[in-house]
Amino acid sequence: MKRTKIKDLLQWEPQNQEVTVMGWTRTFRNNQFISLNDGSTIQNLQIVVDYTKFPEELLKRIHTGTSLKIEGILVPSQGKNQKSEVLAQSIEILGDCPAEEYPLQPKKHSLEFLREIAHLRLRTTTFQSVFRIRNGLAFAIHQFFQNKGFVYIHSPIITSSDAEGAGEMFQVTTLDLNNVPKDENGKVDYSQDFFGKAANLTVSGQLEAELGAMSFSEVYTFGPTFRAENSNTPRHLAEFWMIEPEMAFYDLNDNMDLAEEMLKYLIEYTLKNYPEELQFLQQRQLEEEKQKPQNERNTMPLIEKLEFCIKEPFERLSYTKAIEILENSSYNKKKKFQFPVKWGMDLQTEHERYLVEKEFQKPVILTDYPKEIKAFYMRQNEDGKTVRAMDILFPGIGEIIGGSQREERYELLYQRMKEMNISTEEMYWYLDTRRFGTVPHSGFGLGFERLVLFCTGMSNIRDVIPFPRTPKNCAF
RNA sequence: UCCUCAGUAGCUCAGCCGGUUAGAGCACAUGACUGUUAAUCAUGGGGUCGCAGGUUCGAGCCCUGCCUGAGGAGCCA
């Protein structure tokens, strides 16, 4: 008989239907009740075993992790926690799971321990929930942009441009590192390398996306990016996924409108499509927070927090205004900030948190930062001091989006690159966009894992990507 | 990279002031029980106390270095 997925089967009215299900044992209680999961839903199906009708040898092989094929009939459950259950008529063990060796137990495991067994943690309800939502968000991102007619551009993963200044890069080479060829100056001779020059993994697809926007008007990238920064935080990965839309004829306001609309669309999509997963994750988060001191706890449960974010318009204000607010805050007057507030400085985490969590208590978009602390490609304002940048700050995770209106004026861009020591020769192709039919345009970058963090209520970014890469960790 | 904390059984953790043979719960094995919801009860096996040095009559405990993990900071998405 054909297999029925547990997700479908749980929708049925139990009327003694004959069914076949397959899945993995979560628990086997009382020698009678198998909790079976097949990954089609985070819910388990209860299989009822009449232990007098099956050989003891067979039942002894059923442990947490054992994969089974069950044929039986679907009946109303006598127990309290489920509507229906399957009375087993035949049990076939598809794969044994040696109980002494299998690390997953029917109990709470720490996330740190599960990270060490990332190849098995996918089998837990927590990670099924997280990665099902991750999957949904990836789909929803494409849907959002495709519905608007944006063209998906595949930016290269290996690149020879190292001028973006977005962070330390991973080098890509086929040279024998034990015998590196050198030129007459004693430098590495990259002409003998695979590409005939030095190559790296990309840190951003933005510059390539700009090339696309100069043709299609509206494009986006969605791919992996790599940063070799020695960052050891719950918000950074060496390999992460980024969404980078780039739009011709958009100014900074259009850019912010799009970013806000996108984030709200994605959060709403999650709420609509993953209620069970969110419910489970919310419960998980509440229990995690019981361990924390009162003042570090989230003020809002996960689902409420997500709903709140889509209801309220994000707070928009300039960097300069934000500095004023911080300077006049009672926090500052009581000298509670570790870093003194002063126009021109980059905002520290404590300042961003104050604005988002204390002052406005909702997502905040900051604009028009001092040019000294922002990238070379951002459009300069008339005041000569600031650029058309915008950062979207979210409660709990800080910067989720960074974007800007780009400098479309050739002379100003050229001059800025010179000032910041960026090679105009190597970047000729980027400058060409401003030489040949330049237009005002804007774009932003969304860190996919930070979005997943926010939507799942997880607290460490290593738990929202299946196989995290961080300094000193490249397992699996 | 910097600061703080941690590393003891498969997992989560206790281990007093440095003192005999290092403990508990869960997991696992065996048995009992059989409508359970992380079943329950009984019994049992299970340890290079992160690694390397040092102090001491004696170190899981004190000191030094290193490794790993977590939290915070920086860099950022």
Side-chain angles (χ1 to χ4, degrees), chain A residues 26-35 43-52 56 59-60 63-65 75 77-82 85 87 97-117 124-125 164-168 203-206 224-244 259 291-293 296 338-339 346-353 373-375 391-394 397-403 444-454 459-465 470-473 475:
Chain A
R26 280 291 172 79
T27 60
F28 184 24
R29 291 183 298 271
N30 218 12
N31 212 19
Q32 287 184 103
F33 303 99
I34 299 168
S35 199
Q43 305 293 337
N44 301 324
L45 174 69
Q46 174 153 291
I47 309 291
V48 183
V49 178
D50 182 346
Y51 56 90
T52 60
E56 204 182 327
L59 298 182
K60 284 209 164 158
H63 303 105
T64 299
V75 298
S77 177
Q78 296 174 36
K80 286 181 195 135
N81 296 0
Q82 57 278 319
E85 61 194 17
L87 299 179
C97 187
E100 325 81 73
E101 292 164 46
Y102 190 56
L104 292 176
Q105 300 163 14
K107 70 165 209 174
K108 280 247 147 41
H109 289 294
S110 67
L111 293 171
E112 289 83 1
F113 172 66
L114 291 171
R115 243 169 256 154
E116 290 168 15
I117 50 165
T124 64
T125 310
E164 292 158 35
E168 288 297 310
V203 293
S204 161
Q206 181 201 312
T225 46
F226 308 87
R227 307 257 169 109
E229 301 285 351
N230 190 11
S231 302
N232 294 288
T233 85
R235 296 185 308 280
H236 291 86
L237 290 164
E239 176 183 299
F240 64 102
W241 289 64
M242 196 150 57
I243 297 98
E244 293 174 293
Q291 319 290 324
K292 291 190 198 164
E296 286 174 27
Q338 202 190 328
F339 294 87
D346 210 349
L347 292 180
Q348 304 293 320
T349 301
E350 58 177 349
H351 305 132
E352 295 181 350
R353 289 192 64 163
I373 58 174
K374 287 290 177 185
D391 283 358
I392 303 188
L393 309 177
F394 261 37
I397 47 178
E399 186 178 343
I400 195 169
I401 278 180
F444 61 84
L446 166 71
F448 185 51
E449 282 76 17
R450 290 193 179 170
L451 174 72
V452 182
L453 258 190
F454 185 74
S459 45
N460 192 315
I461 202 162
R462 290 159 204 174
D463 297 326
V464 299
I465 187 167
T470 51
K472 299 280 186 305
N473 180 10

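Hydrogens, waters and symmetry mates are skipped; everything else that's a heavy atom, side chains included, is used. Bear in mind the structure is a predicted one, so any value in this text is a computation, not a measurement. In what follows, chains are A, B, ... by sequence order, proteins preceding strands, each numbered from 1.
Between the CG atom of A/Leu111 and the P atom of B/C11 there is a distance of 15 Å, rounded to whole Å. The distance between atom CG of A/Leu114 and atom C1' of B/G69, rounded to the nearest whole Å, is 14 Å. With rounding to whole Å, A/Asn460 atom CG is found 13 Å from B/G72 atom C1'. Between the CG atom of A/Asp50 and the P atom of B/G35 there is a distance of 11 Å, given to the nearest Å. Between A/Phe28 atom CZ and B/G35 atom P the separation is 14 Å, expressed in whole Å. Rounded to whole Å, atom C1' of B/A38 lies 13 Å from atom CG of A/Leu104. Between A/Tyr102 atom OH and B/C11 atom C1' the separation is 14 Å, expressed in whole Å. The interatomic distance linking A/Arg462 (CZ) with B/U68 (P) rounds to 13 Å, in whole Å.
Within the 4.0 angstrom heavy-atom criterion, base atoms lie near A/Leu237. Residue A/Arg115 is in sugar-phosphate contact alone, with no base atom involved, counting any heavy-atom pair closer than 4.0 Å across all strands shown. A/Gln46 comes within contact range of at least one nucleobase, with a heavy-atom separation under 4.0 Å. Counting any heavy atom pair closer than 4.0 Å across all strands shown, A/Lys60 reaches sugar-phosphate atoms only and no base atom. Using a 4.0 Å heavy-atom criterion, one finds that A/Phe240 contacts the bases of the nucleic acid, with or without backbone contacts as well. Within 4.0 Å (heavy atoms only), A/Arg353 reaches no atom of the nucleic acid at all. Within the nucleic acid shown, A/Gly79 comes within 4.0 Å of at least one base atom, counting heavy atoms only. Using a 4.0 Å heavy-atom cutoff across all strands shown, A/Leu451 reaches no nucleic acid atom at all.
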Under 3.5 Å, which N/O atoms of the protein pair with N/O atoms of nucleotides 1-9 of chain B?
residue	atom	partner	partner atom	Å
B/U1	OP1	A/Asn230	ND2	2.6
B/U1	O5'	A/Asn230	ND2	3.4
B/U1	O4	A/Asn230	O	3.4
B/U1	O4	A/Asn232	N	3.4
B/U1	O4	A/Asn232	ND2	3.0

Listed pairs, N/O of protein and of nucleotides 23-26 of chain B, under 3.5 Å:
residue	atom	partner	partner atom	Å
B/G25	N2	A/Lys107	NZ	3.4

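In summary, the side chains of A/Arg29 and A/Thr27 do present a donor paired with an acceptor at a separation below 3.5 Å, with no hydrogens or angles considered.
Straight-line distance between the P atoms of B/U68 and B/G23: roughly 33 Å, to the nearest whole Å. To the nearest whole angstrom, the two P atoms, one in B/G18 and one in B/A59, are 14 Å apart. For the C1' atoms, the distance from B/G7 to B/U48 is 15 Å, rounded to whole Å. Comparing the C1' positions of B/U12 and B/C28 gives an interatomic distance of 16 Å, to the nearest angstrom. Using P as the reference atom, B/A14 and B/A9 are 12 Å apart when rounded to the nearest Å. Distance check on atom C1': B/A38 versus B/U1 gives 42 Å, rounded to whole Å. Here, B/A52 and B/U8 have their P atoms 15 Å apart, quoted to the whole Å. The same atom, P, is picked in B/G60 and in B/G53; the two are 15 Å apart, to the nearest Å.
At least one side-chain nitrogen or oxygen of A/Thr349 sits closer than 4.0 Å to the OP1 or OP2 atom of B/G74. Contact annotation: A/Thr27 side-chain N/O to B/A39 OP1/OP2 distance is under 4.0 Å.
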Canonical and wobble pairing (Watson-Crick, G-U, under 3.5 Å) of RNA chain B, dot-bracket with |:
(((((((..((((.....[...)))).(((((.......))))).....(((((..]....))))))))))))....

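Partners of A/Glu244 under the salt bridge (charged side-chain N to carboxylate O under 4.0 Å, His left out) rule, at least two apart in sequence or in another chain, do not exist in this structure. With sequence neighbours left out, the side-chain hydrogen bond (donor to acceptor under 3.5 Å, both in side chains) criterion links A/Glu85 to A/Gln46, A/Ser77. The salt bridge (charged side-chain N to carboxylate O under 4.0 Å, His left out) check on A/Lys107 picks up nothing, with sequence neighbours excluded.
Put simply, the side chain of A/Gln32 and the base of B/G35 share no donor and acceptor less than 3.5 Å apart.
Between A/Phe33 and B/A39, no base-stacking contact is recorded for ring centres under 5.5 Å apart and planes less than 30° from parallel.
Residue order along RNA chain B, read from the 5' end via each residue's closest nucleotide, puts A/Arg29 first among A/Arg29 and A/Glu112.
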